[in-house]
Amino acid sequence: QVQLVESGGGLVQPGGSLRLSCTASGSIFRISTMGWYRQAPAEQRELVATMASSGTTNYADSVKGRFTISRDNAKNTTYLQMNSLKAEDTAVYYCTADITYHNGIGYYTGDYWGQGTQVTVSS
């Protein structure tokens with residue numbers, strides 16, 4: 001019973017900013033890595049940014065210097081601050097997390113995905 005819910009997407013003009021959030025809920029024992037991927041029409045889903053529990057981050061070259069990933073571990077939440085947005089950033093953004101949870105019997109670990117939130121950058 002683990003769910004990831006994203007919010008914060010929308011329509012923004014080039015050069016503008018958006019902040020996405022993703023919160024995990026359920027019988028969570030531990031979240032190791034949280035991150036964001038995106039997928040544009042007719043394209044593969046690609047990594048945007050990840051953050052390990054240690055604080056180590058990884059960014060796609062296309063967003064370095066513009067996007068910042070952060071985490072609030074007490075809230076099981078990750079954020080993606082997107083600045084200087086470009087038309088090429090238009091995509092559905094998906095939150096993902098590597099989660100260990102308890103199902104009442106034992107502990108299990110796997111990758112979980114949110115439902116996606118649309119980001120459209122257009123004038």
Side-chain angles (χ1 to χ4, degrees):
Q1 192 179 356
V2 174
Q3 291 184 312
L4 297 176
V5 179
E6 304 114 321
S7 64
L11 175 65
V12 65
Q13 295 182 1
S17 298
L18 284 174
R19 190 190 193 202
L20 307 182
S21 65
C22 171
T23 299
S25 62
S27 300
I28 297 171
F29 175 72
R30 178 180 298 156
I31 302 177
S32 57
T33 301
M34 301 189 80
W36 296 89
Y37 286 68
R38 67 187 182 187
Q39 186 169 19
E43 297 184 6
Q44 293 183 329
R45 188 171 299 185
E46 65 175 352
L47 181 146
V48 177
T50 62
M51 178 176 258
S53 57
S54 65
T56 300
T57 58
N58 182 37
Y59 294 94
D61 289 341
S62 60
V63 307
K64 287 181 178 177
R66 300 188 298 120
F67 291 10
T68 302
I69 187 171
S70 60
R71 292 173 63 165
D72 185 337
N73 292 325
K75 298 180 179 179
N76 290 327
T77 298
T78 183
Y79 305 93
L80 185 68
Q81 179 66 47
M82 304 185 293
N83 299 326
S84 302
L85 283 162
K86 307 173 182 179
E88 65 189 50
D89 296 317
T90 296
V92 177
Y93 284 70
Y94 296 91
C95 173
T96 187
D98 185 7
I99 299 173
T100 298
Y101 72 97
H102 193 267
N103 71 348
I105 300 175
Y107 292 92
Y108 300 89
T109 300
D111 294 328
Y112 295 86
W113 294 85
Q115 80 286 356
T117 184
Q118 177 70 47
V119 172
T120 302
V121 184
S122 177
S123 60

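Just the heavy atoms: all of them, side chains too, but no hydrogens, waters or symmetry mates, feed the values below. Keep in mind that what you see is a predicted model, and the values were worked out from it rather than measured. FYI, the numbering just counts along the sequence from 1.
- Of the possible polar contacts, one joining the Thr90 side chain to the Val121 backbone as a donor-acceptor pair under 3.5 Å is found.
- The distance from atom CG of Leu4 to atom CD of Gln115, rounded to the nearest 0.5 Å, is 9.0 Å.
- If you check the side chains of Ser32 and Ser53, you find no donor sitting under 3.5 Å from an acceptor.
- By the 4.5 Å side-chain criterion applied to Ile, Leu, Val, Met, Phe, Trp and Tyr, Leu11 is assigned to no cluster and stands alone.
- From Met82, atom CE reaches atom CZ of Arg19 across 11.5 Å, with rounding to the nearest 0.5 Å.
- For Gln44, the CD atom counts as loosely surrounded, since its 6.0 Å shell holds 12 or fewer non-hydrogen atoms of other residues, nucleotides or ligands.
- Between Tyr94 and Trp113, the ring planes lie perpendicular to each other; the angle is over 60°, past the 30° to 60° tilted range.
- Looking at Arg66, its side chain does come within 3.5 Å of a backbone N or O of Ser84 through a donor-acceptor pair.
- Side-chain atoms of Thr120 and Ser122 form no donor-acceptor pair, as typed in the model, at a separation below 3.5 Å.
- Interatomic distance, Arg38 CZ to Arg45 CZ, rounded to the nearest 0.5 Å: 13.0 Å.
- With hydrogens and angles ignored, the 3.5 Å screen pairs no side-chain donor or acceptor of Glu6 with any backbone N or O of Cys22.
- The number of heavy-atom neighbours closer than 6.0 Å to CD of Gln13, taken from other residues, nucleotides and ligands shown, is 12 or below.
- Closest approach of Tyr93 to Asp89, counting heavy atoms only: OH-O, 2.6 Å.
- Criterion: ILVMFWY side-chain heavy atoms under 4.5 Å apart, direct or through other members. Under it, Tyr37 and Tyr79 are not part of a common hydrophobic cluster.
- Nearest heavy atoms, Ala40 versus Ala91: N-CB, 3.9 Å.
- Here the CG atom belonging to Leu18 is positioned 9.0 Å from the CZ atom belonging to Phe67, to the nearest 0.5 angstrom.
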Inset, instruction - Apply side-chain contact (heavy atoms from CB on, under 4.5 Å) to the pair Phe29 and Thr109, showing each step before the final yes or no. - result: CA-CA 9 Å; Phe29 175 72; Thr109 300; over 6 Å; no

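- Across Leu80 and Ala49, no two heavy atoms sit closer than the pair CD1-CB, 4.2 Å.
- Between Leu20 and Val119 the shortest side-chain heavy-atom distance falls below 4.5 Å.
- Residues Val12 and Val63 share a hydrophobic cluster, clusters being chains of Ile/Leu/Val/Met/Phe/Trp/Tyr side chains in contact below 4.5 Å.
- Using a 4.0 Å cut-off between a side-chain N of Lys or Arg and a carboxylate O of Asp or Glu, Asp61 and Lys64 qualify as a salt bridge.
- For Glu46, the CD atom sits in a packed shell: over 12 heavy atoms of surrounding residues, nucleotides or ligands are nearer than 6.0 Å.
- Atoms CE and OG, from Met34 and Ser70 in turn, are 10.5 Å apart once rounded to the nearest 0.5 Å.
- A distance-only check finds no donor-acceptor pair linking the side chain of Thr33 to the backbone of Met51 [under 3.5 Å].
- Contact annotation: the side chain of Asn73 never approaches that of Ile31 to less than 4.5 Å [non-hydrogen atoms, C-beta and beyond].
- Nearest heavy atom pair, residue Thr78 against residue Cys95, reads CG2-SG, 3.9 Å.
- A side-chain contact (heavy atoms from CB on, under 4.5 Å) with Trp36 holds for exactly one of Thr96, Val48, Thr50; it is Val48.
- Of the inter-residue distances, the one linking Ile28 atom CD1 with Ile99 atom CD1 reads 4.5 Å to the nearest 0.5 angstrom.
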